[in-house]
There are 2 protein chains.
Amino acid sequence: MVTIGDVARAAGVSRSTASYALSGKRTISMEVRERVNDAVRELGYTPNAGARALATSQTMVIGLLAQFLEDEFAPAMLQYMLGVSDTARELGYDILLVTEADGARALRRITDSQMVDGVVLLNVAQDDVRLPILRAAPQPGALVGLPGDCSGLDVFDLDFEEAGRIMVNHMHRLGHRELILVSQPEHVVERGGAYVWRLQDAALQQARVRGIRLHTAFGESRQPAVGRTLHALLDSHPSATGLLLNNEAAAAALPTVLHERGLTVPADLSVIGRYSDEFARTFSLSFSSIESAPDRLGRMAVRQLVRRIESSDTAAEPYVVRFISPELVDRGSTAAPGSRRDGSHSRRPQ
Amino acid sequence: MVTIGDVARAAGVSRSTASYALSGKRTISMEVRERVNDAVRELGYTPNAGARALATSQTMVIGLLAQFLEDEFAPAMLQYMLGVSDTARELGYDILLVTEADGARALRRITDSQMVDGVVLLNVAQDDVRLPILRAAPQPGALVGLPGDCSGLDVFDLDFEEAGRIMVNHMHRLGHRELILVSQPEHVVERGGAYVWRLQDAALQQARVRGIRLHTAFGESRQPAVGRTLHALLDSHPSATGLLLNNEAAAAALPTVLHERGLTVPADLSVIGRYSDEFARTFSLSFSSIESAPDRLGRMAVRQLVRRIESSDTAAEPYVVRFISPELVDRGSTAAPGSRRDGSHSRRPQ
DNA sequence: CTGAAAGCGCTTACAG
DNA sequence: CTGAAAGCGCTTACAG
């Protein structure tokens with residue numbers, strides 16, 4: 001491999017001059033700079049990342065901790081990852097992707113060994129075991145997802161409470177008075193997925209305010225289980241006229257369930273989901289939904305992280321907790337409650 | 001940060017002895033080893049990755065080049081990524097994730113700067129611009145996807161030709177004589193997505209052998225376009241009794257299309273897709289499919305890559321091109337052609 | 001405006 | 001069985 005020594009020799013200057021010519025950190029005569037640049041081009045020189053990291057204590061790499069848990073919907077995670085990855089690259093950073101099941105151990109490994117200048121944590125739980133490790137690390141961290149304790153960290157999340165209220169209000173405005181909310185699997189709640197209860201609690205509260213009956217349930221993350229749950233819920237609450245989904249797998253399974261029951265949206269049932277537009281297009285979901293804006297969240301997290309990495313007086317700036325305001329994307333899946341939920345169209349096998 | 005010098009001082013030995021005690025690369029007295037290990041534990045020592053990389057010329061990092069192109073189905077990529085990531089970690093490697101649009105430039109950057117010990121390329125095209133760069137790089141590379149020229153690289157892919165034959169043969173055995181094959185968008189072909197024509201050509205060939213009429217078409221990668229294409233194809237070929245899908249987006253869109261047409265699978269139409277079981281469960285697809293085995297392919301690529309990274313005489317072992325034999329996962333979506341394709345069930349809105 | 005030298009934190013021949 | 005020293009390829013005060 002060609003080193004900066006080779007470049008210096010070819011340009012007839014010292015290694016320090018070659019280095020300065022490339023970094024621009026001190027004034028270099030035009031002529032020398034030209035010679036150095038020529039040498040770089042001819043020899044095909046690229047600085048060795050390890051050596052540079054050792055000398056500067058900067059790796060220009062950001063750690064991305066993603067978790068792919070059995071009971072969550074993997075593709076939703078991808079959107080956040082791409083938001084983080086693309087933004088990092090724009091800002092000059094590469095991404096070290098960590099998908100280990102034991103996120104705490106992995107986090108310790110990459111921070112202790114100084115492989116990264118900072119870390120983005122996805123899918124943060126209420127009482128996330130990775131947080132104490134992140135706080136103790138010398139590198140800054142940014143979270144996507146709201147934990148119970150935000151101290152010492154920058155946090156970004158969708159305003160799930162507002163999302164719950166918007167769902168209920170929208171349905172109320174159309175005249176619905178009985179709704180079903182399908183959340184993520186109960187395991188997600190047990191693991192501390194705060195966004196589940198943040199949306200649900202706010203929706204229940206708002207339903208009370210509006211005088212709406214709101215039935216809540218946890219849905220599975222896979223077929224055929226989640227499909228059966230949807231059937232059971234529709235069976236149990238025949239007078240419900242609207243369905244709210246805070247569960248991507250349920251949204252993906254719903255078209256088939258509707259088909260099996262012979263139901264049409266929104267004539268027979270109004271539906272609002274909570275997922276990204278990208279997700280809707282990819283999975284052919286034509287339900288209106290609260291935009292979860294994973295790309296924006298990933299982008300915001302990286303921007304703030306890089307700001308903190310590059311700010312001289314670390315931890316001088318106050319930490320931020322920032323919520324994205326949810327927006328309802330109308331895909332025409334809601335309407336005034338119809339009169340067609342009489343079961344006559346039902347073609348569900350036994 | 002605590003360095004090996006701190007450990008050595010605490011243990012009362014030289015830095016080299018501390019290093020050897022940790023690496024086990026020469027015999028160390030029990031007593032000294034104990035003292036060193038105690039010091040490591042007390043001080044919380046972890047080697048600095050950059051320094052180690054500089055000294056050993058090994059980063060213990062593998063580059064993963066994924067492409068998320070507008071006209072391809074992003075979630076399918078995720079499965080390959082996880083197969084690669086999990087296997088790499090098992091073998092002691094971390095993953096540098098590269099998602100840049102300009103894959104060639106990115107590849108050059110991470111190999112030239114020696115950020116990685118080797119590279120896995122996903123979504124390899126017939127005449128992939130990244131390959132010349134990879135061949136010129138000092139690090140070895142493994143491909144998932146078959147290019148036109150495999151020289152100097154280890155290549156892994158599904159046997160798409162056999163997949164095409166299996167689809168046709170399976171339908172033929174059930175009595176089908178007219179089929180439709182929906183491939184990826186034409187853009188994918190133009191970009192050199194060889195798997196598209198490998199499957200299609202083999203299917204056409206086999207259809208000829210079996211005396212089957214096979215209509216082929218390219219499908220879009222998004223709704224609502226791909227749904228419209230499916231409708232149009234079913235309209236144009238009313239006597240076709242089976243549908244073959246080499247297009248994940250089409251598979252995801254099909255349940256809604258079937259619903260709109262009032263068709264039941266397999267009574268009205270037999271369907272075989274080509275995607276992973278993981279994909280089927282995640283997206284609630286109950287069509288039989290050729291397992292695309294992304295996790296296995298990712299795993300094989302990393303295993304071979306690591307073998308090559310760690311083999312002393314690089315390029316001494318011959319390069320391999322290995323195909324996974326496709327297997328049909330029966331989810332009950334095929335049957336003998338029925339008599340219900342008479343249009344009487346059609347409920348498609350004009 | 002430029003050069004010689006020290007140092008980042010490791011590993012590993014070279015000596016003993 | 002252990003230590004002193006060189007070296008990996010950079011960057012950056014320190015001198016001039």
Side-chain angles (χ1 to χ4, degrees), chain A residues 1-37 39-40 43-61 109-117 138-139 312, chain B residues 1-37 39-40 43-61 109-117 138-139 312:
Chain A
M1 278 285 99
V2 34
T3 74
I4 199 165
D6 301 326
V7 171
R9 200 172 318 118
V13 297
S14 72
R15 297 191 311 163
S16 60
T17 299
S19 177
Y20 282 119
L22 293 174
S23 69
K25 288 196 181 169
R26 77 178 180 194
T27 41
I28 299 279
S29 70
M30 265 284 279
E31 194 225 325
V32 166
R33 200 181 318 145
E34 293 278 293
R35 287 215 309 272
V36 170
N37 284 334
V40 164
L43 300 174
Y45 168 72
T46 307
N48 177 293
R52 175 172 277 180
L54 185 56
T56 62
S57 301
Q58 284 215 124
T59 62
M60 301 308 286
V61 174
R109 184 167 52 77
I110 66 169
T111 53
D112 280 359
S113 63
Q114 278 156 107
M115 299 181 83
V116 296
D117 294 337
Q139 299 95 336
S312 46
Chain B
M1 276 286 99
V2 33
T3 73
I4 200 165
D6 301 325
V7 171
R9 198 172 319 116
V13 297
S14 71
R15 298 190 312 162
S16 61
T17 298
S19 177
Y20 282 120
L22 292 175
S23 70
K25 287 195 180 170
R26 75 179 181 194
T27 41
I28 300 280
S29 70
M30 265 284 280
E31 194 223 326
V32 167
R33 198 181 319 145
E34 293 276 294
R35 288 215 309 272
V36 170
N37 285 333
V40 165
L43 300 174
Y45 168 73
T46 307
N48 178 294
R52 175 173 277 181
L54 186 56
T56 62
S57 301
Q58 285 215 126
T59 62
M60 301 307 286
V61 174
R109 183 168 51 77
I110 67 170
T111 53
D112 279 358
S113 64
Q114 277 155 110
M115 299 180 84
V116 296
D117 294 337
Q139 299 95 337
S312 46

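Throughout, a chain's letter reflects where its sequence line sits, starting with A, and its residues are numbered from 1.
- Listed for the B:R35 side chain is a donor-acceptor partner under 3.5 Å among the backbone atoms of B:A11.
- Between A:R33 atom CZ and C:dC1 atom P the separation is 9 Å, expressed in whole Å.
- Within the 4.0 Å cut-off from OP1 or OP2 of D:dT12, at least one side-chain nitrogen or oxygen of A:K25 is found.
- Put simply, the side chain of A:L22 reaches to within 4.5 Å of the side chain of A:N37, judged on heavy atoms.
- Between B:M60 and B:D117 there is a side-chain heavy-atom pair separated by less than 4.5 Å.
- When both distances must be under 3.5 Å, the Watson-Crick or G-U wobble mate of C:dT2 is D:dA15.
- If B:R26 and A:Y20 are placed on DNA chain C by their nearest nucleotide, the residue sitting closer to the 5' end is A:Y20.
- The distance from atom CG of A:L22 to atom P of D:dT11 is 8 Å, rounded to the nearest whole Å.
- Using modelled atom types, one side-chain atom of B:D6 and one backbone atom of B:T3 make a donor-acceptor pair closer than 3.5 Å.
- Rounded to whole angstrom, the span from the CZ atom of B:R9 across to the P atom of D:dT2 amounts to 19 Å.
- One N or O on the side chain of B:R33 and one on the backbone of B:I28 form a donor-acceptor pair closer than 3.5 Å.
- When each of B:R52 and A:I28 is assigned the nucleotide of DNA chain C bearing its nearest heavy atom, the one mapping closer to the 5' terminus is A:I28.
- The nearest heavy atom of DNA chain D to A:M1 and to B:V13 marks one nucleotide each, and the one closer to the 5' end goes with B:V13.
- Spacing between atom CE of A:M115 and atom C1' of C:dG9 amounts to 15 Å, rounded to whole angstrom units.
- At whole-Å resolution of the value, CE in A:M30 and C1' in C:dT2 are 17 Å apart.
- When the side-chain nitrogen and oxygen atoms of A:T27 are compared with OP1 and OP2 of C:dC1, one or more of them lie within a distance under 4.0 Å.
- With D:dT2, D:dC10, D:dC8 as the choices, the nucleotide that has an atom nearest any side-chain atom of A:N48 turns out to be D:dC10.
- Between B:T17 and B:L54, the residue anchored closer to the 5' end of DNA chain D is B:T17, taking for each the nucleotide with the nearest heavy atom.
- As judged by a 4.0 angstrom heavy-atom cut-off over every strand, A:S29 is placed among residues touching the sugar-phosphate backbone only.
- Of the candidate nucleotides C:dC10, C:dT12, D:dG9, D:dG9 has the atom nearest to the side chain of A:A55.
- With rounding to whole Å, B:D6 atom CG is found 9 Å from C:dG9 atom P.
- Within 4.0 Å (heavy atoms only), B:S16 reaches at least one base atom of the nucleic acid.
- When rounded to the nearest whole Å, the span between CD of B:E34 and P of D:dC1 equals 15 Å.
- The separation between A:R15 atom CZ and C:dG7 atom C1' is 12 Å, rounded to whole Å.
- Side-chain nitrogen and oxygen atoms of A:T3 include none within less than 4.0 Å of the OP1 or OP2 phosphate oxygen of D:dC8.
- Side-chain contact between B:N48 and B:M1 is absent, with no heavy-atom pair separated by less than 4.5 Å.
- OP1 or OP2 of D:dT12 has not a single side-chain nitrogen or oxygen of A:T56 nearer than 4.0 Å.
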